[in-house]
Peer 1: 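One structure, pasted below without further comment.
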Amino acid sequence: MTAPFRFMGGSGRRRSVFLWWLLLLKGGYLLVLLGVAALGDRFDTDMFHRVMARWPHDGEPVFASHLATWDAAHYLSLSERGYQPGTPDCAFYPLWPLLVRWCAPLFDGSHVLTGLALSNVLSLAAWLLFHHLVV
């Protein structure tokens, strides 16, 4: 590998094999998630309209609603609207919504796509740092 991955321990071949396996794992995981969301027709629209935080905020569920459930809907709401007094969103820390808001222009303003990309890139960085510490 080249200079950006020089910080990783071990031989060059070993680093390369680890990196490729890690990228394969992350890519496979994303494909499985997208496949399940695309093929699954069991999205509970009644529950979608009853929950406190949903994505999108108004209207019917879209494909991104599969990927923006539970805490993700709160974080996406914070990244778009910010903190509002008296809402359950105030229980969440501000760093993640700020990162999503700041990086959203790189992904054409899509907060869902930005959150997915950031979480995977930062997860990959954490794996690489972990590998560096262990090897």
Side-chain angles (χ1 to χ4, degrees):
M1 286 270 111
T2 58
F5 298 104
R6 195 174 299 162
F7 70 90
M8 293 174 50
S11 68
R13 174 147 170 66
R14 196 168 170 190
R15 286 190 307 252
S16 179
V17 168
F18 174 77
L19 184 62
W20 282 112
W21 273 109
L22 191 57
L23 288 172
L24 184 66
L25 172 75
K26 298 295 278 177
Y29 183 69
L30 180 62
L31 287 176
V32 166
L33 280 178
L34 291 175
V36 167
L39 296 176
D41 60 348
R42 298 182 139 201
F43 194 81
D44 190 353
T45 55
D46 293 331
M47 180 60 83
F48 175 79
H49 291 290
R50 280 185 283 171
V51 296
M52 291 183 292
R54 60 180 171 263
W55 191 264
H57 305 292
D58 303 316
E60 293 300 311
V62 295
F63 181 75
S65 301
H66 290 281
L67 304 171
T69 58
W70 298 94
D71 289 353
H74 289 282
Y75 282 118
L76 289 169
S77 175
L78 286 171
S79 72
E80 281 198 340
R81 300 178 180 175
Y83 288 96
Q84 305 292 325
T87 62
D89 295 341
C90 292
F92 294 88
Y93 292 110
L95 180 60
W96 187 248
L98 278 173
L99 282 174
V100 171
R101 178 182 288 183
W102 291 338
C103 295
L106 299 173
F107 295 91
D108 200 29
S110 171
H111 289 247
V112 174
L113 188 58
T114 304
L116 286 170
L118 279 175
S119 65
N120 279 288
V121 166
L122 294 174
S123 171
L124 181 64
W127 274 102
L128 292 172
L129 284 172
F130 178 71
H131 181 264
H132 174 68
L133 290 172
V134 171
V135 173

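Quick caveat: nothing in here was measured; it's all calculated off a predicted structure.
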Peer 1: Looking only at non-hydrogen atoms, find the nearest pair between F107 and A117 and report the distance.
Peer 2: CZ-CB, 3.4 Å

Peer 1: For the residue pair S110 and T114, what are the closest heavy atoms and their distance?
Peer 2: O-OG1, 2.6 Å

Peer 1: Is it the case that one hydrophobic cluster holds both L124 and V100, taking links as side-chain heavy atoms less than 4.5 Å apart, direct or via other members?
Peer 2: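 L124 does not cluster with V100.
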
Peer 1: Is any side-chain heavy atom of L22 closer than 4.5 Å to one of L128?
Peer 2: yes

Peer 1: For the CG atom of L129 and the NE2 atom of H131, what is their distance to the nearest 0.5 Å?
Peer 2: 11.5 Å

Peer 1: Between SG of C103 and CG of L98, what distance do you get to the nearest 0.5 Å?
Peer 2: 10.5 Å

Peer 1: When rounded to the nearest 0.5 angstrom, what is the spacing between OH in Y29 and CG in N120?
Peer 2: 9.0 Å

Peer 1: To the nearest 0.5 Å, how far apart are CD in Q84 and CG in L78?
Peer 2: 9.0 Å

Peer 1: Please report the shortest heavy-atom distance between S79 and R101, naming the atom on each side.
Peer 2: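 For S79 and R101, the tightest heavy-atom pair comes out as O-NE, 2.8 Å.
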
Peer 1: Could you give the distance from CH2 (W127) to CG (L19), rounded to the nearest 0.5 Å?
Peer 2: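 Nearest 0.5 Å value for the CH2-CG distance: 13.0 Å.
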
Peer 1: First locate atom CH2 of W21, then atom OG of S16, and finally report the distance between them rounded to the nearest 0.5 Å.
Peer 2: 12.5 Å

Peer 1: Ignoring hydrogens, what is the shortest heavy-atom contact between Y75 and Y93? Give both atom names and the distance.
Peer 2: CE2-O, 3.8 Å

